[in-house]
Every structure is written in structure tokens, then in C-alpha cells.
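Have a look at the structure below, then the notes.
Heavy atoms only: backbone and side chains are in, while hydrogens, waters and symmetry mates are out.
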Amino acid sequence: MSAVVAYLDVAATTRVDPRVADVVLHWMTEDFGNAGSRTHEYGARAKKAVQQARAFLASTVGAKTEEVIFTSGATESNNIALLGLAPFGERTGRKHIITSAIEHKAVLEPLLHLAENRGFAVDFLEPGPSGRIAVEQVIERLRPDTLAVSLMHVNNETGVIQPVAKLAERLRATPTYLHVDAAQGYGKIADDLSAPIDLISISGHKIGAPKGVGALITRRRGWDKVPLEPIMFGGGQERKLRPGTLPVPLIMGLYEAAKIFHESRDNWERDARAMREQILEALGKTRFRLNGDQAHTVPHILNVSFDQLNAEALIVRLKDQVAIATGSACTSASYTPSHVLQAMGLPDDVAANGLRFSWFPSQARDFDPLPIAETIARMQPEEG
């Protein structure tokens, strides 16, 4: 790949921060012990380090240390949360779940499995053109048998922030559990995840940690645990919810990345907003529309449809200038219209041609959006 290609696809993944890479390497090659080994100092150091990581991650969302379960990422966390709740729902006759039609496939597919194979009723709420689910939409669908609501924190295609904190406050007085897929929002919106959300899924590679590590927050309600059951077995690690040897180097990488992001978040937000304004100013040379409620978006994601341009053709044309995407990295290879934009009720030509620009200023230094905007403007047919 040419070194001149600007990377504007951090919603798919981020580059591992060099400081994080150093930490990961240390725990791979020097302090390489198994955190489950109790008979020597290598294991003791690894166990102590993991507990430090667990305590810090808990503190960032207002949880308790023992409420953090390490996983391979948000996809696994989502599956443990949703499939792990299912047996409780089956035993108690609470087999109704509410979610949105704009969730990531890592939520939609486990819920479809429950609907198609285990007799659960799942409501898929549509947000309308704003891309934002209203709290009242959820509350109106609550039933006596509603087991859970699963609503993402930040949409991975549009960047629209969902009202998960307000929803958590409303659901706390009910027996319905709230699960939030926070893969895109963790670390970036300071206070939302400290709300009384029962289950939070986190992914490390969205904030400069390696791929393959994340966490599930399982917040108690008073003395009561969320009644999760394991979906895998063998070893009993992570309170028997996630068996297997803990990947200490990856956990310590997540810890380091979370610390760095926590300490620099204000500067990150300022720089991300500045870059957003720069991109929007350049795009003024083109005919475009922004998809999603721009009053409720994270500062580093834009979803744009360009008038009379095919998104795939545009990506091919720009591939030597900028790395961007048509949507979720898990589905963009299918060349089908975005399920997110379709669920928002946008016209077919808009839903089929949304482009996502997503950036960290530190990973797109010296990026100039003007040449890209000029290329797009030249590709657009003249009006009339």
C-alpha cells in the first residue's frame, strides 16, 4: 500500500498505539506467565497485572472490579450477554427482547438465532431518518415478559449516539435488563456508560489496542447479579463466563490503550472536531448529504452520500488517496445496501451509496481533504 494513502477507517479498526505495542511485547517476552499459575512469581505477576487492568477498566464506566469479564472483543461480549441471558428467559417465561434494526451484526445475528431457534420474540425498532432510537419507542414496547433491551451506544456506520444513559435510568425500575454494545463509544463519550447499564460490551481495537481483546461489564443491581450462563465451558476462568487462559499481553494492551485514551480524550475530541470541520468545508465543493442526526453524533464519524455517484466506484477511484468504507467492515464486502441506512428509511440511491469517513487525528496526520473533494466534484455529473 502506498504511504500517501490517508487512513480514514478507524470505525473498522485503529492502528495499535506504539506505546501499547511496547507493553504487549513486554508481557509476551518478559513477564510471560500464565495468570492462572499459582506456584511461582511469573504467574503471580501476571495475575496482579490483570487485576490492575480490570480495576482500571471498571473505573472508566463506574463499575466494580469484579464486574469486568475479559473477552476477545465486543462480538464475543455481545454473544455472552444475549445468549447467556436466554436460559433465564426460558426458565421464567420472559422471552421477549427489544433491539433496533440498526445494530451491528454481532447483536442482530445472536438475536435472530434466539428468534428462529429458541422461540424468542424480538422487536427490531426502526429509528427513522435521524438514525436515533427514542427512549419512548423502547418504553412503549415493554411487556411483562420483556427480558432485555439491546441498544448500541454509537452506530458504527453513521456515528449517531443512542440515548443509552436515559434509557438505563428508565429501565432500572423494571425487571428488564439493558445491554449496550459500546464498541464504537467506549472511551469517547465520557459519562454515558457510567449510567446503570446492566451489560456493556467493549472492544479494544477501536481505541488503539490490539485486535482480539475486549470486555463485558456485568453490573449488579444491588446484590443481584445479571443471571448469565456460560455459552462455552472448560477451565472456569472469568467467573465461569469466559473459560480459557487469559491473554495477558492483550489485556495489558487494552489497559494501556484505555489509559492513554482516557488521559487524552479532551484533546482527541478537540482535534477530531477540527478535522470534521476541515472535511465538511472541503466537501462543500461537492453535492452531498449527511446521513444521521448531526446534533447527536461522535466527532470522528461522517456518513455521506454524494449526488449521482456510486459509492463503490468512488472508493475505487480514491483508493490511492484515502482509505474509507461503505459501512461496517463485517458487511461491506457484500456490496449490498447498508441495512442501517435502509432501516432509517432513506431512499434506495442514498442507502446504497453511503460512504463512511472515520478518523483519529493522530492516525491521519497531514491529511488534506481538498484534493479528494475535488476528485469527487469532477466525477459528479453537472446538475440539470
Side-chain angles (χ1 to χ4, degrees), residues 11 60-63 74 77-78 81-82 96-104 106-108 111 122-143 146-203 206 216-217 219 221 226 265 269 272-273 276 290-303 328 338-346 356 358:
T60 63
V61 295
S77 296
N78 292 340
L82 299 171
H96 176 237
I97 297 174
I98 302 170
T99 189
S100 80
I102 60 171
E103 298 298 309
H104 192 278
V107 165
L108 293 178
L111 291 179
V122 182
D123 283 344
F124 296 92
L125 305 181
E126 296 186 349
S130 72
R132 186 169 158 91
I133 299 292
V135 171
E136 290 304 323
Q137 276 182 275
V138 178
I139 300 303
E140 288 170 2
R141 295 291 187 98
L142 287 179
R143 307 182 338 198
T146 303
L147 173 66
V149 174
S150 184
L151 186 64
M152 67 192 340
H153 186 201
V154 172
N155 185 266
N156 52 296
E157 294 192 25
T158 64
V160 172
I161 304 165
Q162 305 300 326
V164 295
K166 291 181 179 178
L167 182 58
E169 296 292 347
R170 295 287 297 273
L171 291 178
R172 201 63 171 176
T174 77
T176 298
Y177 296 103
L178 176 60
H179 166 251
V180 171
D181 178 354
Q184 295 291 344
Y186 174 71
K188 295 154 193 159
I189 304 173
D191 298 327
D192 279 1
L193 300 180
S194 293
I197 300 167
D198 300 290
L199 296 158
I200 303 172
S201 299
I202 293 170
S203 191
K206 309 298 186 181
L216 175 65
I217 311 300
R219 187 178 272 117
R221 291 189 175 193
V226 181
R265 197 196 72 83
E269 182 176 3
R273 290 192 183 282
R276 183 187 192 90
L290 296 176
N291 301 318
D293 182 354
Q294 299 304 296
H296 296 94
T297 58
V298 285
H300 68 295
I301 297 177
L302 282 173
N303 192 290
S328 169
S338 160
H339 77 278
V340 171
L341 301 185
Q342 285 183 317
M344 290 164 59
L346 300 181
R356 181 184 67 193
S358 58

[Y] backbone acceptor or donor facing [X] side chain under 3.5 Å:
X      : Y      : result
Asn303 : Glu157 : yes
Arg221 : Asp198 : no
Thr176 : Thr146 : yes

Between [atom1] on residue [X] and [atom2] on residue [Y], distance to nearest 0.5 Å:
X      : Y      : atom1 : atom2 : value
Ile98  : Leu111 : CD1   : CG    : 11.5 Å
Asp181 : His104 : CG    : NE2   : 7.5 Å
Arg276 : Ile301 : CZ    : CD1   : 9.0 Å
Asp293 : Ser130 : CG    : OG    : 5.5 Å
Ile161 : Thr297 : CD1   : OG1   : 6.0 Å
Gln137 : Arg132 : CD    : CZ    : 11.0 Å

(request) Locate the shortest heavy-atom distance separating Ala183 from Lys206; write the atom from each residue and the value. (result) O-CG, 3.3 Å
(request) Quick one: closest heavy-atom pair of Ile102 and Ala343, and the distance? (result)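 The answer is CG2-CB, 3.8 Å.
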(message) For a side-chain contact (heavy atoms from CB on, under 4.5 Å) check, start with the C-alpha distance between His96 and Leu142, then their side-chain angles and the critical distance, and finish with the verdict.
(response) CA-CA 9 Å; His96 176 237; Leu142 287 179; over 6 Å; no
Between [X] and [Y], is any pair of side-chain heavy atoms under 4.5 Å apart?
X      : Y      : answer
Met344 : Pro127 : yes
Val149 : Arg170 : no
Met152 : Thr99  : no
Leu171 : Ile139 : yes
Asn155 : Gln184 : no
Leu341 : Thr158 : yes
Tyr186 : Val61  : yes

(message) When you compare the side chains of Arg356 and Ser338, does any donor N or O come within less than 3.5 Å of an acceptor on the partner?
(response)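 Note: Arg356 and Ser338 side chains miss the donor-acceptor criterion.
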(message) Does either side chain, that of His300 or that of Ser358, offer a donor lying less than 3.5 Å from an acceptor on the other one?
(response)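 Judged by distance alone, the side chains do not pair up.
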Which residues share a side chain to side chain donor-acceptor pair (under 3.5 Å) with [X], sequence neighbours left out:
X      : value
Glu126 : none
Ser201 : Asn78, His179
Gln162 : none
Arg219 : none

(request) Just do the salt bridge (Lys or Arg N to Asp or Glu O under 4.0 Å) check on Lys166 and Glu136 with the steps written out, would you? (result) CA-CA 10 Å; Lys166 291 181 179 178; Glu136 290 304 323; over 6 Å; no
Pick out which of [options] makes a side-chain contact (heavy atoms from CB on, under 4.5 Å) with [X].
X      : options                : value
Leu167 : Ile197, Val180, Val135 : Val135
Val226 : Ile217, Leu178, Leu199 : Leu199
Val154 : Val160, Ile189, Asp192 : Ile189

(message) Glu269: which residues meet the salt bridge (Lys or Arg N to Asp or Glu O under 4.0 Å) condition with it, sequence neighbours left out?
(response)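 Counting only residues at least two positions away or on another chain, Glu269 forms a salt bridge (Lys or Arg N to Asp or Glu O under 4.0 Å) with Arg265, Arg273.
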(message) Taking salt bridge (Lys or Arg N to Asp or Glu O under 4.0 Å) as the definition, give me every residue that meets it alongside Asp123, ordered by chain and number, with sequence neighbours left out.
(response) Arg141
